[in-house]
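All remarks here apply to the structure that follows.
Letters go in sequence order (proteins before strands), and every chain restarts at 1. Everything numeric here is computed off the predicted structure, so don't read it as measured data.
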Amino acid sequence: FNWLFARKMNGKLVLRIEDTDTERLKEDSVTQILTSLKWLGLNWDEGPEVGGAVGPYYQSERREIYTEYVNKLVEAGKAYYCFCTTEELEKQRELQRAAKQPFRYARSCREISYEEAKKRVAAGEHYSVRLKIPVEGSVKVDDLIHGEVSFSMDQFDDFVIMKSNGMPTYNFAVVVDDHLMGITHVLRAEEHLSNTPKQLLVYEALNWHPPKFGHMSMILAPDRSKLSKRHGATSVEEFREQGYVAEAIINYLTLLGWGPGDEREIFDLTETIKLFELDQMSKKAAIYDTKKLTWMNGQYLSSLPLERILPETKEFFLKAGLVTEEWLQENEVFFAQLVDVVRVRVKTLQEIADASEYFFNMPTVYDEKGVAKYFKQESLPLLEQCVVALREDTVFDLASTEAVYNKIATENDISLGKLVHPTRLALTGRTVSPGLFDVMVLLGKENTLQRLESAVDFIKMN
RNA sequence: GGCGCUAUGGUCAAGCGGCUAAGACGUCGCCCUCUCAAGGCGAAAUCGAGGGUUCGAUUCCCUCUAGCGCUACCA
């Protein structure tokens with residue numbers, strides 16, 4: 001939605017990596033975010049890899065900046081050093097919890113004089129820095145999506161803005177960065193709505209004008225809990241590996257928080273940019289439904305230009321061990337035809353590979369039910385007729401194979417199905433596949449005949 | 001415990017005082033068809049509860065309930 005909004009307004013999308021939590025930091029996760037965004041087609045105008053005038057774009061590289069502003073606040077008497085230890089604070093909280101009191105910091109260090117605090121810092125005592133917030137009043141958040149939301153001051157702490165390890169806290173760092181980076185609009189998940197008043201207090205202390213905020217509804221796991229690895233959270237990377245295409249994922253995700261207002265379900269990014277309006281955003285948390293995503297993926301698989309999905313489809317064939325790089329190079333046309341025939345009846349790229357397996361391997365076993373139903377002794381002469389007729393067919397394309405079958409059906413005064421079903425089973429080993437004549441043409445005359453004859457033998461022996 | 005946000009079918013979601021309460025996915029039937037899909041047609045299924053306001057509430061107000069979020073030296 002940030003991407004959409006930036007494009008809609010002809011603005012710039014700035015990507016910033018918020019990595020101030022040294023304990024949770026993993027190198028992997030950042031590359032994964034960047035890779036996923038790129039794969040989805042969500043490009044950014046400033047940020048990692050592309051640079052920009054107001055970098056660095058990793059918070060971990062901006063420590064001096066935060067320190068500078070923290071010091072300014074302390075000197076101005078708007079923030080103060082706190083020497084309370086984590087244990088002490090935890091104990092306080094426990095007591096409040098037991099007494100069913102609101103959990104508030106007791107402001108033990110708020111009244112320590114600047115001089116004394118300085119001395120203790122110089123003496124090497126551990127400290128964090130807290131914002132000295134007003135004791136009374138209220139803070140109003142003017143939200144782009146929720147409207148005006150008011151918070152009473154008495155529910156806020158003198159919260160920490162710099163941790164004892166010298167790193168800023170989230171609520172402080174975002175303010176400094178958003179201001180310095182010239183951010184005008186902040187769109188983020190609803191979990192931050194209650195954080196916004198705190199950030200507003202920081203803007204006030206720093207004498208800065210806040211940007212506009214919009215808080216979007218969250219996406220929940222199927223059991224309504226917050227999305228997490230344990231609860232059905234699937235990374236973009238995983239969807240990709242399962243054979244979903246970026247267009248479908250984007251389209252589906254868009255639909256989870258916004259709609260064009262009419263009955264359309266499928267639309268591409270160009271259309272979405274044109275139609276997108278912030279005030280049409282849903283305020284309700286949504287649960288994502290893989291079934292609909294899968295359906296949508298199937299729609300895109302059929303309608304996307306063939307060349308668009310070919311490269312990605314190749315990966316799935318390679319991974320399944322159906323083909324090799326060399327084979328793909330030598331059989332480019334065949335491969336394209338194959339994918340084109342199969343893609344309309346499956347829903348993921350993985351399924352294209354799955355449903356193509358028999359084009360590469362002669363079936364060694366036939367579907368059991370199919371055998372009982374279609375490989376009867378009475379089909380034997382029919383199949384043999386087909387073999388003879390096909391051998392004489394010099395053209396062997398879609399029209400000619402179909403003509404051959406129609407002719408035999410008419411001559412024997414039977415329905416086409418009586419020929420088609422056993423043939424399909426003979427060629428693919430299954431009772432399910434793309435159109436039979438497509439299959440025959442793709443297999444080629446030699447393969448087709450070979451498989452038919454082998455099925456004839458099978459029926460004779462049973 | 002405090003505060004905030006949200007509340008229409010199983011899921012997503014139109015609706016913004018008067019409608020037989022759209023549409024999509026899914027489910028179930030039927031049609032088409034060489035199978036499976038796709039496509040076409042149709043069905044079942046919804047306004048969380050209670051109070052107001054009003055001639056009239058899904059729609060406005062209040063309370064409750066539920067879900068989620070914040071309440072961290074996480075973001």
Value in whole Å for how far the P atom of B:rG15 lies from CD of A:Glu263: 12 Å
Spacing of the P atoms in B:rG23 and B:rG40 (rounded, Å): 14 Å
For nucleotides 72-75 of chain B, give me every protein contact, N/O to N/O, under 3.5 Å, one pair per line with atom names.
| from | atom 1 | to | atom 2 | distance (Å) |
| --- | --- | --- | --- | --- |
| B:rC73 | O2 | A:Ser164 | N | 2.6 |
| B:rC73 | O2 | A:Ser164 | OG | 2.7 |
| B:rC73 | N3 | A:Ser164 | OG | 3.1 |
| B:rC73 | N4 | A:Cys84 | O | 2.7 |
| B:rC74 | OP2 | A:Lys163 | NZ | 2.9 |
| B:rC74 | O2' | A:Asp21 | OD2 | 2.7 |
| B:rC74 | O2' | A:Arg24 | NH2 | 3.2 |
| B:rA75 | OP1 | A:Thr20 | OG1 | 2.4 |
| B:rA75 | OP1 | A:Lys163 | NZ | 2.8 |
| B:rA75 | OP2 | A:Tyr170 | N | 2.9 |
| B:rA75 | O4' | A:Arg24 | NH2 | 3.3 |
| B:rA75 | O3' | A:Glu18 | OE1 | 3.3 |
| B:rA75 | N6 | A:Asn195 | OD1 | 3.3 |
| B:rA75 | N6 | A:Asn195 | ND2 | 3.0 |
| B:rA75 | N1 | A:Asn195 | ND2 | 3.3 |

RNA chain B: 5'-proximal contact among A:Trp258 and A:Thr431 (nearest heavy atom): A:Trp258
Salt bridge A:Lys91-A:Glu94, side-chain N to carboxylate O under 4.0 Å: no
Sugar-phosphate, base or nothing in reach of A:Phe437, heavy atoms under 4.0 Å: base
Separation between the P atoms of B:rA14 and B:rC28, rounded to whole Å: 27 Å
Sugar-phosphate, base or nothing in reach of A:Glu402, heavy atoms under 4.0 Å: nothing
Nearest-angstrom distance from the residue atom CG of A:Leu220 to P of B:rA7: 14 Å
Set of ring pair (Phe, Tyr, Trp, His ring centres under 6.0 Å) partners for A:Phe159, sequence neighbours left out: none
Spacing of A:Ile414 atom CD1 relative to B:rC34 atom P, expressed in whole Å: 13 Å
Whole-angstrom distance between B:rU20 and B:rC12, as gauged at atom P: 27 Å
Under 3.5 Å donor-acceptor, A:Asn171 side chain and A:Pro197 backbone: no
Result of checking A:Asp19, A:Asp177, A:Asp21 against A:Gln59 for side chain to side chain donor-acceptor pair (under 3.5 Å): A:Asp177
Summary of side chain to side chain donor-acceptor pair (under 3.5 Å) pairs that have at least one residue in residues 251-261 of chain A, sequence neighbours excluded: A:Asn251-A:Tyr300, A:Trp258-A:Gln280
NZ/A:Lys418: more than 12 non-hydrogen atoms of other groups inside 6.0 Å: no
side-chain N/O A:Gln299 vs B:rG39 OP1/OP2, d < 4.0 Å: yes
Base partner of B:rA38, which must satisfy Watson-Crick or wobble distances under 3.5 Å: none
Partner nucleotide, any strand, of B:rC68 [Watson-Crick/G-U, under 3.5 Å]: B:rG4
Sugar-phosphate, base or nothing in reach of A:Gly435, heavy atoms under 4.0 Å: base
Residues within residues 148-156 of chain A bordering RNA chain B, heavy-atom distance below 4.0 Å: A:Val149, A:Ser150, A:Phe151, A:Gln155
Gap in Å between the two P atoms, one belonging to B:rG51 and one to B:rA43, rounded: 35 Å
C1' gap between B:rA72 and B:rU59, integer Å: 41 Å
RNA chain B: 5'-proximal contact among A:Met218 and A:Ser433 (nearest heavy atom): A:Ser433
Between B:rA44 and B:rC32 - C1' atom distance, rounded Å: 24 Å
Counter-base of B:rG10, judged by Watson-Crick or G-U geometry with both distances under 3.5 Å: B:rC25
Separation between the P atoms of B:rC19 and B:rU58, rounded to whole Å: 9 Å
Contacts of type side-chain hydrogen bond (donor to acceptor under 3.5 Å, both in side chains), residue A:Gln155, not counting sequence neighbours: none
Minimum-distance nucleotide to A:His421 side chain [options: B:rA24, B:rC34, B:rG10]: B:rC34
Distance between P atoms of B:rA75 and B:rC60 (Å, rounded): 38 Å
Touch class at under 4.0 angstrom, heavy-atom based, for A:Leu193 against every strand present: sugar-phosphate
Distance, rounded to the nearest Å, where A:Leu427 contributes CG and B:rU35 contributes P: 16 Å
Counterpart base for B:rC32, defined by Watson-Crick or G-U wobble contacts under 3.5 Å: none
Non-hydrogen atoms of A:Ser356 and A:Val342 that approach each other most closely: OG-CG2, 3.8 Å
A:Tyr366 and A:Tyr374: CA distance, side-chain angles, deciding distance, ring pair (Phe, Tyr, Trp, His ring centres under 6.0 Å) verdict: CA-CA 11 Å; A:Tyr366 300 103; A:Tyr374 302 123; over 10 Å; no
Closest to the A:Glu265 side chain, choosing from B:rC25, B:rG23, B:rU35: B:rG23
Presence of donor-acceptor pair under 3.5 Å, side chain of A:Lys284 and base of B:rA7: no
Sugar-phosphate only, base, or nothing, as touched by A:Pro434 at under 4.0 Å among non-hydrogen atoms: base
Partners passing side-chain contact (heavy atoms from CB on, under 4.5 Å) against A:Arg430 (at least two apart in sequence or in another chain): A:Glu357, A:Tyr358, A:Thr428
Parallel, tilted or perpendicular: rings of A:Phe276 and A:Phe5 (30°, 60°): perpendicular
